[in-house]
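These notes are about the structure you will find just below.
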Amino acid sequence: MKYYDKLIFELSREGRTGCSLPSKCDSCAGTDAIPAGLRRAQPAALPEVSEPDVVRHYTALSQMNFGVDSGFYPLGSCTMKYNPKINEEIAAMPAFAALHPLQNDLPGVQAVYEGLDRALAAITGMKHFTFKPCAGAHGELTGLMIIREYHMSRGDMKRTRIIVPDSAHGTNPASAAVCGLEIVEVKSNAGGLVSVDDLKPLLDDTVAGIMMTNPNTLGLFEKDIREIARLVHDAGGLLYYDGANMNPLIGTVRPGDMGFDVMHLNLHKSFSTPHGGGGPGSGPVGVCEKLVPHLGVNVSGFNGNFGVMLRAYAYILMLGRQNVKLCGKLATLGANYIKESLKDVYRLPLTQVCKHEFVFDGLTHDGSCEGRQGATTLDVAKRLLDYGYHAPTIYFPLLFHQAIMIEPTETESKETLDAFIGVMRRIADEAASDPGILQGAPHNTPVSRPDETTAARNPILKFQDA
Ligand SMILES: *Cc1c(COP(=O)(O)O)cnc(C)c1O
């Protein structure tokens with residue numbers, strides 16, 4: 001029997017128990033002390049199970065989850081890197097963990113905020129940060145509100161449009177819309193970079209600014225960024241930097257030096273808080289000197305998720321000034337190593353040196369591998385699960401029909417990357433020799449292929465009796 005096949009309630013047997021409690025303790029009045037009207041009419045419907053049943057059931061459930069502690073997680077645009085456990089220990093120290101959010105002004109807490117502010121300012125070239133935003137998208141909204149406030153404080157009321165590249169992360173246009181800005185899309189050129197020629201005619205006195213990611217979501221460095229910054233500034237706009245995936249730049253290049261005025265970081269991606277599953281996150285927003293007066297924009301009740309900041313601060317301090325520079329270099333090296341090792345079997349639409357991530361456009365199918373014609377990116381991703389890997393990001397960005405976006409992160413050894421490359425090649429071989437095995441994958445997981453559309457449109461998230 002697999003302990004995850006049944007609900008804990010189905011394991012229940014009347015009278016079975018995992019512990020023994022006195023029916024009435026000497027030092028208390030027992031249930032008699034509770035007014036009759038507030039007592040249950042029926043005993044609570046709790047499962048009656050033994051301790052081993054409980055332990056096996058929940059241990060089995062926990063092992064069904066794929067995490068970066070159980071294997072390699074090459075999820076592009078997500079920076080699913082391994083996070084040192086010491087940071088968890090520091091965040092869990094009672095002196096920190098037991099604080100109430102209103103104790104923000106304690107000197108020790110302030111010292112963490114101030115130290116982290118200084119470290120992030122040094123890494124990004126911004127002047128100061130606000131730590132209120134609790135996610136990357138929350139940071140985007142905060143940054144855009146700062147941009148809007150800046151223009152309005154100068155009596156410049158016409159600036160209601162924001163330029164967003166077609167390669168942008170989906171949260172960028174979403175945050176702009178929530179902020180009440182009108183989104184203007186700028187196209188990428190054939191090389192996957194923002195087209196300066198397409199940008200120029202969009203710039204006028206109604207533009208609040210531009211949102212960019214650099215390296216962009218294709219993992220490519222926007223080499224015209226200084227030119228773009230000059231054009232946007234000349235038109236009176238500001239530059240917003242989506243720094244959710246800062247790994248490839250840490251210690252090498254600073255958004256402030258590229259000409260960006262406002263930015264957010266995802267501490268829960270680049271700075272050592274495990275993420276996925278909805279939180280906790282932290283998307284601190286940094287601004288250049290002239291925007292510091294607007295940093296107080298009110299976007300949350302408290303001063304952010306302090307535990308995430310502790311992890312980030314511990315992480316940065318532990319790496320130190322020299323080693324922090326290795327982050328970006330290793331993230332970039334790992335991505336290029338995988339890209340170059342697989343580009344004969346997976347189609348590489350953009351061949352430049354990439355930063356921390358890159359995009360394949362499905363399998364190559366030249367004349368020699370006719371069989372691969374039928375294999376889709378979804379098949380490759382599903383088959384990877386059989387081999388014990390989390391699938392990469394697929395079908396994003398939308399610029400390629402069979403996109404596979406791979407981000408190995410800086411924490412993986414060459415042996416891990418080599419093993420992954422080996423499996424990706426093996427899957428490419430299978431696509432030619434035994435396409436059925438891909439189309440039926442995954443074969444080893446508790447659930448194989450749900451109907452993806454129904455699962456997204458009509459998710460059933462709680463137990464239903466068959
Ligand atoms: C993850 C990500 C975001 C959004 O961050 P959340 O914390 O999920 O809101 C924004 N931009 C980019 C480029 C990202 O990778």
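Counting convention: from 1, in listed order, for ligands and their atoms alike. These numbers were taken from a predicted model, which means no experiment stands behind them.
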| Distance only, no hydrogens: is a donor on one side chain within 3.5 Å (strictly under) of an acceptor on the other, for T79 and N245? | yes
| field | Closest protein heavy atom (residue, atom, distance) for atom 14 (C) of ligand 1 | value | K269 NZ, 2.9 Å
| query | So is there a nitrogen or oxygen of T217 less than 3.5 Å from a nitrogen or oxygen in ligand 1? | reply | no
| query | Of all the heavy atoms in H138, does at least one lie under 4.0 Å from an atom in ligand 1? | reply | no
| remark: If you scan protein heavy atoms around atom 9 (O) of ligand 1, the nearest is A137 N, 2.8 Å
| field | ligand 1-proximal atoms of H275, by part, heavy-atom distance under 4.0 Å | value | neither
| Identify the closest protein heavy atom to atom 5 (O) of ligand 1: which residue and atom is it, and at what distance? | N266 ND2, 3.0 Å
| task | Note the single closest protein heavy atom to atom 6 (P) of ligand 1, along with its residue, its atom name and the distance in Å. | result | G136 N, 3.4 Å
| message | Ring centres under 6.0 Å, that's the criterion: do F420 and Y389 meet it? | response | yes
| What protein heavy atom is closest to atom 11 (N) of ligand 1, reported as residue, atom name and distance in Å? | D242 OD2, 2.6 Å
| field | Polar contact flag for N172 and ligand 1 (N/O pairs, less than 3.5 Å) | value | no
| message | Show the atoms of ligand 1 that are less than 4.0 angstrom away from any heavy atom in H268. | response | 7 (O)
| query | Taking non-hydrogen atoms only, is A244 closer than 4.0 angstrom to ligand 1 via side chain, backbone, both or neither? | reply | side chain
| message | Contact between ligand 1 and G281 is defined here as a heavy atom of the residue under 4.0 Å from a ligand atom; is it met? | response | no
